[in-house]
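Working notes for the structure below.
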Amino acid sequence: MLETKSIRKNIDLYSNGLLKRGLSDSKEKLNKIIHHDDNRKLYKAQLDKILTEYNQASKKIGEKIQSGKMEEAEIMKKKSQKLKILRKKTSEKLKNEEAIIYEILTNLPNVPDEIVPSGNNEDDNDIIFESKKNVNANKKLYPHWNLVKSFNLINFEKGNKITGAGFPVYIDKGAKLQRALINFFIDQAIKKGYQEIQPPILVNETSAFGTGQLPDKEGQMYKVENENLYMIPTAEVPITNLYRNEILNNSLLPIKNVAYTPCFRKEAGSWGSHVRGLNRLHQFDKVEIVQIQNKDNSSKTLDEMCDHVEHLIKLLKLPYRKILLCAGDLGFSASITYDFEVYAPGQKKWLECSSVSNFKTYQTNRMNIKIRTNKEKNLAHTLNGSALALPRIVAAILENNQENNEIKIPDILQPYTGFNKITR
RNA sequence: AGAGAGGUGGCCGAGUGGUCGAAGGCGCAUGCUUGGAAAGCAUGUAUACGAAGUAAUCCUUUGUAUCAAGGGUUCGAAUCCCUUCCUCUCUGCCA
């Protein structure tokens, strides 16, 4: 959520930023916020004045009653009763203004960082780096959905039977590979100073709102209706909300957490023939890194997190590219996002396997997470990134390392899997 | 899930209709003391939103709100009533 005070100060900065995302009426909306904030201040001042009068009257009535002057007290009571109506009216006006501001603010996305390129869709993204694909043109390479079937690693049909489409069943070495990757990713993060957390995978409404999934992505989350809980779409939600309503001392920074969780996404509307196999799922595993940092160091932290993700992909020896998302492709709450994609030669496609973002104060303003430095208090910056999401990494590993009758396991993973190749 | 007891500042804890944003203690901060420390003493110590002063989102003065959350009764609510949430104890169930 953007901050009204900052909007008032830098309206052009904000409106130009939102314009970059394609919100043509942003200036109008921002001006509307300021207008209603002016009203809010006015009514707040009025109400406070009324309340002051009211409180003083009540005190006097108490004194009269105690000194036995009942008649005078009765007269004053009647006066106060009249004030009560005015109090209610003004307080309603105030609440109304606050509600309008809140409504606009919660539906306004974050402002893109100045280095974010403008553009409407993925075609306008900046490819920062792209490694060689290392593909032998003479060899016949299969997409992973063929491989998982012929090597009996994942059974999609069984998943359909017991749950539905997008809920795969991992089998034998397929299942072991999942565990290996999770442990490998967590160990690597711990090496970099992240503290491991195992959070609940259901969260309440307040948490879903805090990180910006509500109201923007309501339709994308599975909801446990009668409990009013949401299945998490990413560990970002429970982890970041751990610090909701807290004032953190600057000396504790950066806070670095890593969590493995399953993730659940409805992916409504994005289902089709172009998403096969592991490319898009309703349930998948992900190791997520989250950092809370102050405003001065957050961009450095973003680079550090990107480096970590890049390092993981390199250790797995997968061809990859790093992409700076353009404003139009940016998530609702993010100010800047780098995507990492690995190459899957069997389907000749780049697959997104990580998204590393700086949300700056957008989430913390909703969640009320502050940092105290001496006497100063500021909203914290939050950052997170996948490190990494499993399914597309599995797809890339299988497709890149396939030989005629086996699939090689990357060296670094072998201590985790306990086997060095997958055979039929 | 049933029955009972509760939810007060960073923590503990007093407070059952007015003088309570809240005693007291602990903790923390600053100063005095000391060769240094401890002890002792003194002072300070919530958050949010307004108003005035100000270059300032610092600061000073001041107002308002907040005693789990929301609503109600009353001139006046931490205190009484209602709803919701949460915690603890016992019983039940269970990995």
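Every chain is numbered from 1 and lettered A, B, ... according to where its sequence line falls, protein lines coming before strand lines.
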Whole-Å distance between [N] [atom2] and [X] [atom1]?
X: I101(A); N: rG50(B); atom1: CD1; atom2: P; result: 9 Å
X: K77(A); N: rC75(B); atom1: NZ; atom2: P; result: 6 Å
X: E97(A); N: rG50(B); atom1: CD; atom2: C1'; result: 15 Å
X: R87(A); N: rA65(B); atom1: CZ; atom2: C1'; result: 12 Å
X: K44(A); N: rC49(B); atom1: NZ; atom2: C1'; result: 5 Å
X: I247(A); N: rU45(B); atom1: CD1; atom2: C1'; result: 13 Å
X: Q56(A); N: rU19(B); atom1: CD; atom2: C1'; result: 15 Å
X: L51(A); N: rA48(B); atom1: CG; atom2: P; result: 20 Å

Minimum-distance nucleotide (side-chain atoms of S58(A) versus rG50(B), rG18(B), rG71(B)):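 It is rG18(B).
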To the side chain of K41(A), which of rG76(B), rA51(B), rG63(B) is closest?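 It is rA51(B).
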T382(A) side chain to Q363(A) side chain, donor-acceptor N/O pair below 3.5 angstrom: yes
For [N], the Watson-Crick or wobble partner whose two distances fall under 3.5 Å:
N: rU16(B); value: none
N: rU60(B); value: rA52(B)
N: rG76(B); value: none
N: rG44(B); value: rC28(B)
N: rG70(B); value: rC82(B)

Check whether any side-chain N or O of [X] sits under 4.0 Å from OP1 or OP2 of [N], and answer yes or no.
X: K60(A); N: rG76(B); result: no
X: Y54(A); N: rG76(B); result: yes
X: R40(A); N: rC49(B); result: no
X: R372(A); N: rU47(B); result: yes
X: N55(A); N: rU64(B); result: yes

Give a yes or no on whether the backbone of [Y] and the side-chain of [X] come within a donor-acceptor separation of less than 3.5 Å.
X: T211(A); Y: Q213(A); result: no
X: N294(A); Y: D296(A); result: yes
X: E288(A); Y: N384(A); result: no

Between G62(A) and K370(A), just flag the one whose closest nucleotide in RNA chain B comes earlier from the 5' side. G62(A)
For RNA chain B, whose closest nucleotide is more 5', that of K377(A) or that of K78(A)? K377(A)
Suppose you measure atom [atom1] in [N] against the same atom in [M]; what distance do you get, rounded to whole Å?
N: rA5(B); M: rC80(B); atom1: P; result: 14 Å
N: rA69(B); M: rG2(B); atom1: P; result: 25 Å
N: rU89(B); M: rU16(B); atom1: C1'; result: 25 Å
N: rA1(B); M: rC20(B); atom1: P; result: 43 Å
N: rC12(B); M: rG17(B); atom1: C1'; result: 27 Å
N: rG15(B); M: rG71(B); atom1: C1'; result: 24 Å
N: rA23(B); M: rU8(B); atom1: C1'; result: 12 Å
N: rC41(B); M: rA46(B); atom1: P; result: 22 Å

Please classify the nucleic acid contact of L47(A) as base, sugar-phosphate, or nothing, using heavy-atom distances under 4.0 Å. nothing
Checking all strands, does A45(A) fall into the base, sugar-phosphate, or nothing category for heavy-atom contacts under 4.0 angstrom?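 A45(A): backbone/sugar contact only, no base atoms under 4.0 Å.
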Is there a ring-ring contact (aromatic ring centres under 6.0 Å, His included) between Y320(A) and F129(A)? Walk through the geometry before answering. CA-CA 8 Å; Y320(A) 72 96; F129(A) 170 84; 5.2 Å; yes
Test of ring centre spacing under 6.0 Å for F167(A) and F156(A): no
Measuring from atom OG1 of T106(A) to atom CG of L214(A), what distance do you get when rounded to the nearest 0.5 angstrom? 10.5 Å
